[in-house]
Amino acid sequence: MGYVTVIKELLEESPITASSVAVDVRDLLTAGEFALAFDTMCSWIYEDELPISEEYYARLVRLSEDLGSLDLIERMRELVAR
């Protein structure tokens with residue numbers, strides 16, 4: 001499964017409600033900016049302190065290992081709903 005598919009799935013399942021953010025992430029994917037699209041999505045989730053599930057967080061961690069966003073993802077750990 002390619003980055004585009006994985007990031008689109010994560011975006012669709014994310015707690016982000018702002019359609020403008022979703023448009024920005026999709027535009028970055030179309031431009032081939034996978035890491036930037038992923039960082040943008042994660043940054044919005046983190047900055048807005050949106051709760052995420054343990055399973056969703058684990059998926060972010062796996063993808064971040066490929067895309068090199070581990071620092072941001074580690075900070076997002078606090079958003080996992082318990």
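Count residues from 1 along the sequence.
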Exercise for the section: Please identify each residue that fulfils ring-ring contact (aromatic ring centres under 6.0 Å, His included) with Phe34, with sequence neighbours left out. Expected result: Tyr3
Output side-chain donor-acceptor pairs under 3.5 Å for residues 37-49, partner residues at least two apart or in another chain, one line each.
residue : atom : partner : partner atom : Å
Asp39   : OD1  : Ser69   : OG           : 2.5
Thr40   : OG1  : Leu36   : O            : 2.7
Ser43   : OG   : Asp39   : O            : 2.8

Practice task
Scan for ring pair (Phe, Tyr, Trp, His ring centres under 6.0 Å) pairs involving residues 55-78, sequence neighbours excluded, and state none if there are none.
Solution key: none
Side-chain polar contacts of residues 20-29 - donor-acceptor pairs under 3.5 angstrom, sequence neighbours left out - could you list them?
none

Exercise for the section: Taking all non-hydrogen atoms of both residues into account, name the closest pair between Pro51 and Pro15 and its distance. Expected result: O-CG, 3.6 Å
Practice task
Hey, could you give me each pair passing salt bridge (charged side-chain N to carboxylate O under 4.0 Å, His left out) that has a residue in residues 12-22? Not counting sequence neighbours.
Solution key: Glu13-Arg59
Handout entry: Residue pairs, two or more places apart or on separate chains, that pass ring pair (Phe, Tyr, Trp, His ring centres under 6.0 Å) and touch residues 14-33
Key = none
Problem - Least distance between heavy atoms, Ser53 atom then Val80 atom - result: C-CG1, 4.1 Å
Fill in the blank from the handout: Taken to the nearest 0.5 Å, the spacing of Glu74 CD from Leu60 CG works out to 12.5 Å
Practice task
Please report the C-alpha distance between Ile16 and Leu50 in whole Å, then the side-chain angles of each, then the deciding distance to 0.1 Å, and finally whether the side chain to side chain contact (heavy atoms under 4.5 Å, CB included) criterion is met.
Solution key: CA-CA 8 Å; Ile16 294 172; Leu50 301 172; 4.2 Å; yes
